[in-house]
Amino acid sequence: MKKIFVIFTVFLLSGCMASFNSRMDGVRGAFLSGDFDGVTKFTDNKDYSQQDDLELLVSGNALFNAGNYSESDKVFEEFNKRNTDTNSFSLMREFTTITTGAMSTDYRPYMMDTLFVSYYQILSALAENRWSDARVIINQSYARQQKMSREYKNLINKKSESVQSAMDLEQDIRDNNAQWAAYSDIMNPALMYLSGIYFLSDSDFSTAETYLNRATGMTNNNSYVTRDLELARNKTKPENTTWVFIENGFAPKLVEKRINIPWLVGPGISMITIAVAEPVFNNSTLNINGAKKIADVNAMFMTEFNEYSVNSALRSAAAAAARVVLQTSAYNSKSKFSPLLGLGATIFSIATTSADIRNWGVLPEYIYAIRTDTPKSGLLELKSGGNVVTSINMNKSGNNIVYIRFLGQNTVVHIMNIK
């Protein structure tokens with residue numbers, strides 16, 4: 001009978017983990033079908049103020065893709081208000097994680113989450129011609145990235161040099177790569193590049209140079225970024241230019257790996273249980289002609305996840321040791337109820353052991369960019385191999401930012417006409 005109770009508890013907890021993954025799979029499926037109202041598969045709470053942080057991220061992302069920019073911004077602002085410092089330490093959180101399991105605590109946003117919030121908020125502001133709002137968001141995101149950079153010991157101050165020739169520009173880019181390439185897997189190069197384009201289009205060439213300089217280092221001499229950096233240094237505003245930001249795939253999915261080791265203690269069965277999270281990658285394969293990778297979201301995620309996983313493993317081992325002591329003490333107590341107390345302690349130990357498998361699972365896997373002349377025909381075609389993947393109707397002149405999210409058979413397109 002005792003074994004049956006223990007086995008039942010293990011299966012019950014596994015069901016809870018499966019439930020979360022099922023919910024995330026459901027919302028991913030909704031994204032793939034273009035049913036952005038399908039976020040109800042992840043949360044039934046329509047009141048954003050009552051949603052938890054992960055629900056806010058999923059809801060804001062869905063609203064943005066649906067073209068509901070104002071509502072998306074409202075949701076992301078709610079997230080921002082709650083998360084002014086994602087790196088703060090909480091003793092109560094640590095205690096709760098050890099005593100009741102990692103999944104019982106509030107979602108702890110990754111640092112990259114806050115940068116993607118800024119990324120989508122900037123795009124929303126540009127889509128609604130809220131030019132000044134976009135500047136505020138960029139400034140806020142820069143402050144966040146500065147906080148992030150201080151978390152890493154390899155921060156190197158940017159050199160500021162005035163470059164007049166293309167040869168000097170190439171040498172300067174090499175120098176900057178040595179400084180900023182390390183950040184490609186920490187911060188969001190797509191956000192940095194988008195910010196640079198904003199200031200370049202606003203004729204704020206000095207600020208544009210700062211952002212594009214860093215984006216160039218992060219993107220390994222991406223020719224599109226270096227072209228814009230050259231314009232910033234020559235104080236030249238681009239004309240009839242279209243920048244295409246392409247997202248595809250999904251960020252890694254986390255699954256729980258549990259180790260349950262039964263052993264005999266006095267009159268009963270105890271269980272040593274350790275739970276850790278492991279990433280499962282999606283490996284999207286869509287290649288768009290002329291597109292160059294700007295951000296590897298897998299790498300960004302894994303940079304943080306690897307840091308967190310070390311702490312999680314240590315915490316899990318410490319918690320397992322504490323729970324073994326609890327079970328042993330209960331079984332070896334002199335009470336006539338010691339077998340029952342021991343069984344209860346074993347069930348409690350299994351039920352309160354969990355790995356945190358939560359992440360913003362509808363983020364893209366990769367972000368690519370294309371920089372091209374605005375088509376005089378007003379029709380921009382994106383091809384993969386010899387096939388047209390999508391056709392985009394736009395103005396026949398002027399500057400544009402085009403956001404594209406490839407989601408299986410569904411393609412989301414947003415066009416932002418900029419200065």
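Residues: numbered from 1 along the sequence shown.
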*Roughly how far apart are N21 CG and I357 CD1, rounded to 0.5 Å?*
4.0 Å
*asked:* Looking only at side-chain N and O atoms, does D133 offer a donor or acceptor that is under 3.5 Å from a partner on Q121?
replied: no
*Is the backbone of F31 close enough, under 3.5 Å, to the side chain of R405 for a donor and an acceptor to pair up by distance?*
no
_Once rounded to the nearest 0.5 Å, what's the spacing between atom NZ of K396 and atom NZ of K376?_
12.0 Å
*Any luck finding a side-chain donor-acceptor pair between E55 and Q50 under 3.5 Å?*
no
*Return yes if some donor-acceptor pair links the side-chain N/O of N399 with the main-chain N/O of I418 below 3.5 Å, else return no.*
no
*asked:* Please give me the minimum heavy-atom distance between A291 and I370, naming the atom from each residue.
replied: CA-CG1, 3.6 Å
_Using only atom types and a distance under 3.5 Å, with no angle test, would you say the side chain of T241 pairs donor to acceptor with the backbone of P238?_
no
_What I want to check is whether the side chains of N400 and N417 have a donor and an acceptor closer together than 3.5 Å._
yes
*Looking at F36, Y403, F116, which hits ring pair (Phe, Tyr, Trp, His ring centres under 6.0 Å) with F64?*
Y403
*Looking at side-chain heavy atoms only, is the closest gap between I246 and V244 below 4.5 Å?*
yes
*Is any side-chain heavy atom of L191 closer than 4.5 Å to a side-chain heavy atom of S141?*
yes
_Shortest non-hydrogen contact from L229 toward T216_ = CD2-OG1, 3.6 Å
*Have D228 and Y193 got a donor and an acceptor in their side chains that come within less than 3.5 Å?*
yes
_Heavy-atom closest contact (P252 atom, N359 atom, distance)_ = O-ND2, 2.8 Å
*Could you walk me through whether S118 and Q140 pass the side-chain hydrogen bond (donor to acceptor under 3.5 Å, both in side chains) test, one step at a time?*
CA-CA 8 Å; S118 297; Q140 290 172 342; over 6 Å; no
*asked:* Can you give me the closest heavy-atom contact between F305 and P279, atom names plus distance?
replied: CE2-CD, 3.8 Å
*Only counting residues at least two apart or in another chain, list the ones meeting salt bridge (charged side-chain N to carboxylate O under 4.0 Å, His left out) with D25.*
K253
*Taking atom types as modelled, find out whether E128 and S70 have a side-chain donor-acceptor pair closer than 3.5 angstrom.*
yes
*Say you draw a straight line from OH of Y142 to CE of M187; how long is it, rounded to the nearest 0.5 Å?*
8.5 Å
*Would a distance-only check, ignoring hydrogens and angles, find a side-chain to backbone donor-acceptor pair under 3.5 Å from H414 to I404?*
no
*Find out whether N61 and N65 are in side-chain contact, i.e. whether some heavy atom of one side chain is under 4.5 Å from a heavy atom of the other.*
yes
*Looking only at heavy atoms, which two atoms of F245 and A190 are closest? And how far apart?*
CE2-O, 3.9 Å
*Verdict with reasoning, R82 to E78, per salt bridge (Lys or Arg N to Asp or Glu O under 4.0 Å)*: CA-CA 7 Å; R82 299 183 193 175; E78 177 68 27; 3.2 Å; yes
Hey, can you pull the donor-acceptor pairs under 3.5 Å for the side chains in residues 377-384, sequence neighbours left out?
residue : atom : partner : partner atom : Å
S377    : OG   : L379    : N            : 3.2
S384    : OG   : N287    : O            : 2.6

*Report yes or no: do Q51 and S59 form a side-chain donor-acceptor pair below 3.5 Å?*
yes
*Does N410 use its side chain to pair, donor to acceptor, with the backbone of S33 at less than 3.5 Å?*
no
*About how many Å separate CZ of F250 and CG of L363, when rounded to the nearest 0.5 Å?*
10.0 Å
*asked:* Check for me whether R23 meets the cation-pi criterion with F42, that is, NZ or CZ under 6.0 Å from the six-membered ring centre and within 45 degrees of the ring axis.
replied: yes
*Is there a donor-acceptor pair under 3.5 Å between the side chain of D373 and the backbone N or O of P375?*
no
*List the steps, then state whether side-chain hydrogen bond (donor to acceptor under 3.5 Å, both in side chains) holds for N282 with E365.*
CA-CA 8 Å; N282 294 282; E365 185 174 12; 5.4 Å; no
_Ignoring hydrogens and geometry beyond distance, is a side-chain donor-acceptor pair present between D204 and T207 at under 3.5 Å?_
yes
*Do the non-hydrogen side-chain atoms of W131 and Y198 ever get within less than 4.5 Å of each other?*
yes
_Evaluation steps, salt bridge (Lys or Arg N to Asp or Glu O under 4.0 Å), between R108 and D53_ = CA-CA 8 Å; R108 182 181 187 274; D53 285 340; over 6 Å; no
*Donor-acceptor pair, T210 side chain versus S206 backbone, under 3.5 Å?*
yes
*Within the side chain of N395, is there an N or O that forms a donor-acceptor pair under 3.5 Å with the backbone of S397?*
no
*Any chance you could measure N68, atom CG, to K74, atom NZ, to the nearest 0.5 Å?*
10.0 Å
*Just how far is it from atom CZ of F79 to atom CG of D52, taken to the nearest 0.5 Å?*
10.5 Å
*Does some side-chain heavy atom of L194 sit less than 4.5 Å from a side-chain heavy atom of W243?*
no
_Pair F205 and F199, ring centroids less than 6.0 Å apart_ = no
*Are side-chain N/O atoms of T242 and T374 paired as donor and acceptor at under 3.5 Å?*
yes
*Hey, are Y107 and D113 close enough side-chain-wise for a donor-acceptor pair under 3.5 Å?*
yes
*Are any side-chain N or O atoms of N234 and backbone N or O atoms of E230, one a donor and one an acceptor, separated by less than 3.5 Å?*
yes
*So Y110 and F301, would you call those rings parallel, tilted or perpendicular, with 30° and 60° as cut-offs?*
tilted
*Give the minimum heavy-atom separation between G408 and L32, together with the two atoms involved.*
N-CD2, 3.7 Å
*Validation row: V402, I392 side chains within 4.5 angstrom (heavy atoms)*: yes
_So F406 and V389, do their side chains get closer than 4.5 Å, heavy atoms only?_
yes
*Polar side-chain atom of R28 near backbone of G361 as donor-acceptor pair, under 3.5 Å*: yes
_Under the ring pair (Phe, Tyr, Trp, His ring centres under 6.0 Å) definition, can you give me all pairs with a residue in residues 367-395, not counting sequence neighbours?_
none
